[in-house]
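First the structure, then my questions, so here it is.
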Amino acid sequence: MNPKYRRLKGTRDLLLEEVERWHWCEERWSEVLARYGYGEIRTPIIESTDLFLRSVGAGTDIVDKEMYTFDTKGGESLTLRPEMTASVVRAYLENGLTRQPGTMKFWYLGPMFRHDRPQAGRYRQFHQVGVEAIGSASPVLDAEVIQTAMALLEAVDADGAQVHVNSIGCPECRPAYLEDLREYLQANLAAIPEGMRERIDVNPLRLFDAKDEGVQALLASFKPITDALCDACREHYSVVTGTLQDLAVPFVEDSALVRGLDYYGRTTFEITARSGRKQSSLAGGGRYDRLVEQCGGPATPAVGFSIGVERVLLHLDDEPVDPQRSRQSPVDVYVACVDDEAARYGLAAADRLRGLCRVEVDTTGRSLKAQAKSANLRRARLLLVAGAEEMAAGTIQLKTLDTGQQEPVPCKALLAQVREELRG
RNA sequence: GUGGCUGUAGCUCAGUCGGCAGAGCCCCUGGUUGUGGUCCAGGUGGUCGUGGGUUCGAAUCCCAUCAGCCACCCCA
């Protein structure tokens, strides 16, 4: 087929069995998040473009080339959210939560949009489950947040995940380090591919992300940022790692770990899948103590992360599914009807059962052979058959599909009979 | 934005040297008056991604284009 309309590049249709898989994950995640003290938040998927420009930051790939941005008729610039933190901070302020006591802990799950080139585990509309904990500067919270991320992965059996942590300092200590780093890079310009040289001025830390071997080697022989932290940041970082040890959360320190977003400071972390190549980055997060203030609120420390749902699903061992059955939703009782009049009768019978179980009434008027075949495909345990004889007698045929036994049942006794059959 | 691979039936895929468009599964009908899963027989279903070119003749060769997948960049 050559359909007239196709889905947009980088988007997906999830049907039946795959949606079931998502539900399975979502149920586990909401349970875990509640246990860690988080409440759910849902915000619009469109926001003012300015929100992302100022929070995520110009000079990041997200803002520079990946946002779905459009103008309204009124000339306002809107953007489909590329990430969630900015929206949560916006909602936190807009809903007047700054004077709530304690730490506000939100979790979310929803679609994000980035205009990337799609590939395995990467889509233009993708989904993130994540948290934002607003109101505490404690490094102990950083550790708890990292543990929460790991708990979410474990809840859906995503084994073998590896935590990487780092500290990228604060406005007190980072500028000096960046200056030293720039100087070093300028002195070794030859080792840096042309396309990456821009980053030296804009954000030299991002060169740590480069996979280019020359650049890697160059940076490996430069002092790690963790050696350049101020006393406060050093102490913060040390409590984060110490608390992770208390919690028996395994981690590796990775001074090359830099998040691509502007608002992070101090703790940054990433969780990668150890198995396979593919898209190994499952989750990313960190502390953002200045963002709330930057968005017009009072100075309020915060920390959070997000997990890529499609990434996680990609790394789960998914059992192969029957391609035919995965296109038919399961049902307990299938009602075959010889014609429309019988369907009307069958629907009345189904009505008695729907408080008990899943019932499908076949209204297609196909042969009973075809209808019974569908019952099998839908994994029904019971088949009801309605036709002229049954209507005249006030009964309906009830067939148990795994034994093949069949008998007419008075409609009044149907519910009790079906309940009995399904129990067995 | 850059590169590689792939586009044939609803699905998974064959298609030789350029010579009538194929298989399996699914679906439909019959074998079984109104009954599934197994079996048998028959049947429906195709702009061969799209557009051009070469040729007596193109699914096959050439060019362009679109789409999908994968990788890079970057990220989740």
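Letters go in sequence order (proteins before strands), and every chain restarts at 1.
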Given B/rC27, is OP1 or OP2 found less than 4.0 Å from the side-chain N or O atoms of A/K373?
->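 Checking A/K373 against B/rC27: at least one side-chain N or O falls below 4.0 Å of OP1 or OP2.
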
Nearest to the side chain of A/L377 - B/rC73, B/rC27, B/rC75?
->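 When the side chain of A/L377 is considered, B/rC27 is the closest of B/rC73, B/rC27, B/rC75.
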
Side-chain N,O (A/K9) to OP1/OP2 (B/rG68) below 4.0 Å |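 Yes, A/K9 has a side-chain N/O under 4.0 Å of OP1/OP2 on B/rG68.
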
Can you tell me the distance, in whole Å, between the CZ atom of A/R117 and the P atom of B/rG3?
->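 My rounded result for the distance is 9 Å.
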
Between the side chain of A/R174 and the main-chain N/O of A/I168, is any donor-acceptor distance below 3.5 Å?
->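 Checking the backbone N and O of A/I168 against the side chain of A/R174, a donor-acceptor pair under 3.5 Å is found.
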
Among B/rC74, B/rC27, B/rG34, which is the nearest nucleotide to the side chain of A/L368?
->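 Nearest nucleotide to the side chain: B/rG34.
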
Give the rounded distance in Å between these two atoms: CG of A/D402 and C1' of B/rG37.
->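 From A/D402 CG to B/rG37 C1': 11 Å.
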
Could you check whether A/E310 gets within reach of a base, just the sugar-phosphate, or nothing at all, counting any heavy atom under 4.0 Å?
->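 The answer is nothing, as A/E310 stays clear of every strand by at least 4.0 Å.
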
Scan every strand shown for a Watson-Crick or G-U wobble partner of B/rC20, both distances under 3.5 Å, and answer none if you come up empty.
->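 In the structure as shown, B/rC20 has no Watson-Crick or wobble partner.
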
Describe the nucleic acid contact of A/Y123 in one word from base, sugar-phosphate, nothing, applying a heavy-atom distance below 4.0 Å.
->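 The residue A/Y123 makes base contact.
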
May I ask you to decide whether A/R381 forms a salt bridge with A/E421, counting only side-chain N to carboxylate O separations under 4.0 Å?
->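 A/E421 and A/R381: not salt-bridged.
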
Any strand: nucleotide that pairs with B/rG1 via Watson-Crick or wobble, under 3.5 Å =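 B/rC72 is the nucleotide pairing with B/rG1.
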
Interatomic distance, A/L383 CG vs B/rG36 C1' [rounded to whole Å] =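 Computing the A/L383:CG to B/rG36:C1' distance gives 8 Å.
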
Could you check A/G387 against A/V309 and say which one's nearest nucleotide on RNA chain B is further toward the 5' end?
->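 Final value for this comparison: A/G387.
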
Atom P, compared across B/rG18 and B/rA23: separation rounded to whole Å |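 Straight-line distance between the two P atoms is 24 Å.
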
Hey, is CZ on A/R12 packed in by over 12 heavy atoms from elsewhere, all under 6.0 Å?
->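 Buried by this count: over 12 neighbours within 6.0 Å.
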
Take atom CD of A/E341 as the centre, draw a 6.0 Å sphere, and report whether it contains more than 12 heavy atoms from other residues, nucleotides or ligands.
->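 Atom CD in A/E341 is not crowded, with 12 or fewer foreign heavy atoms closer than 6.0 Å.
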
Under 4.0 angstrom, heavy atoms only, what part of the nucleic acid is A/E390 near: base, sugar-phosphate, or nothing?
->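 Base, at least one base heavy atom under 4.0 Å.
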
Touch check for A/A283, heavy atoms < 4.0 angstrom, all strands: base, sugar-phosphate only, or nothing?
->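 Since only primed, P, OP1 and OP2 atoms lie under 4.0 Å of A/A283, the category is sugar-phosphate.
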
Measure the distance from CZ on A/R378 to C1' on B/rG37 and round it to the nearest whole Å.
->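 Nearest whole value for this atom pair: 16 Å.
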
Find the distance A/R114:CZ to B/rC75:P and express it as a whole number of Å.
->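 Roughly 9 Å, once rounded to whole Å.
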
Span that lies between the C1' atom of B/rC25 and that of B/rG68, in whole angstrom |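 Going atom to atom, C1' in each nucleotide, I get 23 Å.
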
Under the side-chain contact (heavy atoms from CB on, under 4.5 Å) test, residues paired with A/A220 that sit two or more places apart =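 With neighbours one apart ignored, the set is empty.
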
Among B/rG3, B/rC74, B/rU35, which nucleotide sits nearest the side chain of A/K369?
->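 My answer, after comparing the listed nucleotides, is B/rU35.
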
Given atom CG of A/D339 and atom P of B/rU33, what is their separation to the nearest angstrom?
->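 Taking atom P of B/rU33 as the reference, CG of A/D339 is at 18 Å.
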
Do the ring centers of A/Y177 and A/F222 come within less than 6.0 Å of each other?
->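 Centroid distance A/Y177-A/F222: below 6.0 Å, so yes.
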
When the P atoms of B/rC66 and B/rG30 are considered, how many whole Å apart are they?
->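 So the two P atoms sit 49 Å from each other.
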
Taking only the side-chain heavy atoms of A/N376 (C-beta and beyond), determine which of B/rA76, B/rG37, B/rU29 contains the nearest atom.
->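 Of B/rA76, B/rG37, B/rU29, B/rG37 is nearest to the side chain of A/N376.
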
Spacing between A/L16 atom CG and B/rC11 atom P, to the nearest angstrom |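 About 16 Å, once rounded to whole Å.
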
Does A/Q119 make a side-chain N or O approach to OP1 or OP2 of B/rC70 shorter than 4.0 Å?
->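 Indeed not, no polar side-chain atom of A/Q119 lies that close.
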
Taking the same atom, C1', in B/rU55 and in B/rC63, what whole-Å distance lies between them?
->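 Approximately 16 Å lies between the C1' atom of B/rU55 and that of B/rC63.
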
Across the strands shown, which category fits A/A380 at heavy-atom distances under 4.0 angstrom: base, sugar-phosphate, nothing?
->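 Answer is nothing: A/A380 stays at 4.0 Å or more from every strand.
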
Within the structure shown, what part of the strands sits under 4.0 Å from A/G130 by heavy-atom distance: base, sugar-phosphate, or nothing?
->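 Counting heavy atoms under 4.0 Å across all strands, no contact is made by A/G130.
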
In the structure shown, which nucleotide is the Watson-Crick or G-U wobble counterpart of B/rA64, with both distances under 3.5 Å?
->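 B/rA64 is paired with B/rU50.
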
In whole Å, what separates the C1' atom of B/rC56 from that of B/rC13?
->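 Each nucleotide's C1' atom is 32 Å from the other's.
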
Watson-Crick or G-U counterpart of B/rG36, or none if no pair lies under 3.5 Å =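 By the stated definition (distances under 3.5 Å), nothing pairs with B/rG36.
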
Under 4.0 Å: is that the gap between some side-chain N or O of A/S367 and OP1 or OP2 of B/rC28?
->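 No, A/S367 has no side-chain N/O under 4.0 Å of OP1/OP2 on B/rC28.
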
A/R122 side chain, from C-beta outward: closest of B/rA71, B/rC75, B/rU35 =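 The answer is B/rC75, which lies nearest to the side chain.
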
Write down the distance between CG (A/D64) and P (B/rC74), rounded to a whole number of angstrom.
->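 The answer, rounded to whole Å, is 13 Å.
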
With heavy atoms under 4.0 Å as the rule, sort A/Q397 into base, sugar-phosphate or nothing.
->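 Counting heavy atoms under 4.0 Å across all strands, the contact made by A/Q397 includes a base.
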
C1' spacing across the pair B/rU60 / B/rU8, given as an integer number of angstrom =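 It works out to 11 Å between them.
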
Reckon A/V385 touches a base, only the sugar-phosphate, or nothing at all at heavy-atom distances under 4.0 Å?
->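 Answer is base: heavy atoms of A/V385 come under 4.0 Å of a base.
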
In whole angstrom, give me the gap between the P atoms of B/rU35 and B/rU29.
->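 The same atom, P, in both gives a distance of 12 Å.
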
When all nucleic acid strands are considered with a 4.0 Å heavy-atom cut-off, which category describes A/Q371: base, sugar-phosphate, or nothing?
->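 No contact.
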
Nearest-Å distance once atom P is located in both B/rU16 and B/rA67 =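 So the two P atoms sit 28 Å from each other.
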
Inspect the contact between A/E31 and A/R35 and indicate whether a charged nitrogen and a carboxylate oxygen are less than 4.0 angstrom apart.
->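 A salt bridge is present here (some side-chain N lies under 4.0 Å from a carboxylate O).
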
Considering all heavy atoms, the nearest A/E47-A/S87 contact |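 Of all heavy-atom pairs spanning A/E47 and A/S87, the closest is OE2-OG, 3.2 Å.
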
Just compare B/rU35, B/rG34, B/rC75 and give me whichever is closest to any side-chain atom of A/K399.
->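 So the side chain of A/K399 is nearest to B/rU35.
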
Answer with base, sugar-phosphate or nothing: what part of the nucleic acid does A/R366 contact at a heavy-atom distance below 4.0 Å?
->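 Sugar-phosphate contact only - A/R366 comes under 4.0 Å of backbone atoms but never of a base.
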
CA sep, side-chain torsions, deciding dist, call: A/R54, A/D50, salt bridge (charged side-chain N to carboxylate O under 4.0 Å, His left out) | CA-CA 6 Å; A/R54 283 176 22 215; A/D50 207 37; 3.2 Å; yes

